[in-house]
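Below is one structure; the comments refer to it alone.
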Number of protein chains: 2
Amino acid sequence: MITNRLRELREQQLRITSDSTQWTQEELAVRVGVSRQTIIAIEKGTYNPSLELAFKLANLFDVKIEEIFTYMGEANG
Amino acid sequence: MITNRLRELREQQLRITSDSTQWTQEELAVRVGVSRQTIIAIEKGTYNPSLELAFKLANLFDVKIEEIFTYMGEANG
DNA sequence: ACTTTACGTAAAGTTTACTTTACATAAAAA
DNA sequence: TTTTTATGTAAAGTAAACTTTACGTAAAGT
């Protein structure tokens with residue numbers, strides 16, 4: 001299982017950037033080259049991003065993958 | 001495009017560990033919970049691992065994801 | 001010689017990531 | 001008050017990751 005701080009990081013940017021239009025789900029999606037639905041699904045935890053998308057998001061927020069995504073070990077079952 | 005040093009890291013272990021049976025493609029596959037074909041495909045660059053598999057591999061080799069996988073930017077086309 | 005071990009290829013099938021479309025709601029802006 | 005903006009849900013379709021099976025080869029072990 002992998003958890004993520006995508007929404008948290010995005011909302012952080014919304015606060016500090018003041019130009020709020022730059023950090024909507026829609027804008028984020030465009031900037032990393034996916035659909036808005038994909039951003040929603042990842043923020044919600046419906047599924048994990050691909051490794052490539054994880055890299056793009058990390059680059060955009062200027063952090064390492066490990067600062068957005070945390071591997072919690074095997075799921076139960 | 002994402003490049004990886006999986007084969008390189010695995011062969012490094014083969015050299016230093018001396019117990020060579022621990023670092024075959026088959027054993028590596030078992031240890032991260034995928035099939036041998038998946039390891040072959042990733043070493044060869046046929047496709048990228050999922051984020052989860054990338055984490056498992058990084059954990060096994062005791063390195064960060066960025067030390068195995070390198071994001072090279074957008075593919076041409 | 002022959003058997004086992006490690007690596008490789010190929011191909012069909014399943015699951016997961018992602019897209020597209022459509023429609024709903026609440027808040028902000030006109 | 002009506003329109004626009006941002007977020008959300010749902011569902012059907014496509015693409016990428018991964019499995020399973022099967023077979024080929026070369027080197028090492030017996």
Side-chain angles (χ1 to χ4, degrees), chain A residues 1-60 65 68-72 74-77, chain B residues 1-60 65 68-69 71-77:
Chain A
M1 194 223 179
I2 292 172
T3 61
N4 77 79
R5 303 200 307 136
L6 184 55
R7 164 162 263 134
E8 185 184 338
L9 288 174
R10 191 172 61 82
E11 289 180 340
Q12 201 171 59
Q13 290 297 326
L14 274 174
R15 279 180 240 111
I16 68 186
T17 310
S18 80
D19 178 6
S20 55
T21 66
Q22 289 290 94
W23 294 96
T24 61
Q25 290 177 336
E26 172 67 27
E27 259 305 307
L28 179 55
V30 170
R31 293 220 259 160
V32 296
V34 296
S35 70
R36 185 172 64 95
Q37 298 313 311
T38 295
I39 299 298
I40 289 173
I42 292 166
E43 284 193 353
K44 198 186 165 195
T46 303
Y47 50 69
N48 298 321
S50 65
L51 181 57
E52 184 164 14
L53 180 50
F55 267 115
K56 287 181 183 172
L57 289 167
N59 286 349
L60 190 59
I65 285 182
I68 308 186
F69 302 97
T70 306
Y71 179 53
M72 309 294 281
E74 304 289 336
N76 289 343
Chain B
M1 194 222 180
I2 293 172
T3 61
N4 77 79
R5 303 198 309 135
L6 184 54
R7 163 161 265 133
E8 184 184 338
L9 288 174
R10 191 172 60 81
E11 289 180 341
Q12 201 173 59
Q13 290 297 326
L14 274 173
R15 279 182 237 111
I16 67 184
T17 311
S18 82
D19 179 6
S20 56
T21 65
Q22 289 290 93
W23 294 96
T24 62
Q25 290 177 336
E26 172 66 28
E27 260 305 308
L28 178 56
V30 169
R31 293 221 258 160
V32 296
V34 296
S35 70
R36 184 172 64 95
Q37 299 313 312
T38 296
I39 299 299
I40 289 174
I42 292 166
E43 285 194 351
K44 198 185 166 196
T46 303
Y47 49 71
N48 298 320
S50 66
L51 180 58
E52 184 164 14
L53 180 49
F55 266 115
K56 287 181 183 172
L57 289 167
N59 285 350
L60 190 58
I65 284 182
I68 308 186
F69 302 98
Y71 178 54
M72 310 293 282
E74 304 290 336
N76 289 342

Hey, is the side chain of B/Arg10 poking within less than 4.0 Å of OP1 or OP2 on C/dA6, counting only N and O atoms? no
Just how far, in rounded Å, is P of D/dA17 from CD1 of B/Ile42? 9 Å
Report the C-alpha distance between A/Leu57 and A/Phe69 in whole Å, list the side-chain angles of each, state the deciding distance to 0.1 Å, and finish with yes or no for side chain to side chain contact (heavy atoms under 4.5 Å, CB included). CA-CA 10 Å; A/Leu57 289 167; A/Phe69 302 97; 4.1 Å; yes
Heavy-atom nearest nucleotide on DNA chain C taken for A/Tyr47 and for A/Arg36; more 5' hit belongs to A/Tyr47
Return the value, rounded to whole Å, for the distance between atom CD of B/Glu52 and atom C1' of C/dT16. 11 Å
Rounded to the Å, how far apart are B/Ile40 CD1 and C/dT5 C1'? 13 Å
Main-chain N/O of B/Ile42 paired with B/Asn4 side-chain donor or acceptor, under 3.5 Å: yes
May I ask you to evaluate whether A/Thr38 reaches the phosphate of C/dC18, defined as a side-chain N or O under 4.0 Å from OP1 or OP2? no
Nucleotide paired to D/dA26 in any strand shown, Watson-Crick or G-U, under 3.5 Å: C/dT5
Looking at B/Arg10 and B/Trp23, would you say the former's side chain and the latter's main chain have a donor-acceptor pair under 3.5 Å? yes
Atom-to-atom span, CG of B/Leu28 to P of C/dG8 - whole angstrom: 12 Å
Atom-pair distance (CD on A/Gln25; P on D/dA6), nearest Å: 11 Å
Does B/Lys44 put a side-chain nitrogen or oxygen below 4.0 Å from OP1 or OP2 of C/dC7? no
Whole-Å distance separating the CD atom of B/Glu27 from the C1' atom of C/dA6: 12 Å
If you look at every strand shown and take non-hydrogen atoms under 4.0 Å, does A/Thr24 touch a base, only sugar-phosphate, or nothing? sugar-phosphate
Quickly work out the A/Ile2 CD1 to C/dT16 P distance and round it to whole Å. 13 Å
Give the minimum heavy-atom separation between B/Met1 and A/Glu52, together with the two atoms involved. N-OE2, 3.8 Å
Whole-Å gap separating P (D/dT7) and CD (A/Glu26): 9 Å
Within the structure shown, what part of the strands sits under 4.0 Å from B/Ser50 by heavy-atom distance: base, sugar-phosphate, or nothing? sugar-phosphate
Proximity to the side chain of B/Gln37 - top-ranked nucleotide from D/dT19, D/dG8, C/dA17: D/dT19
Distance alone, cut at 3.5 Å: any donor-acceptor contact between the side chains of A/Thr17 and A/Asp19? no
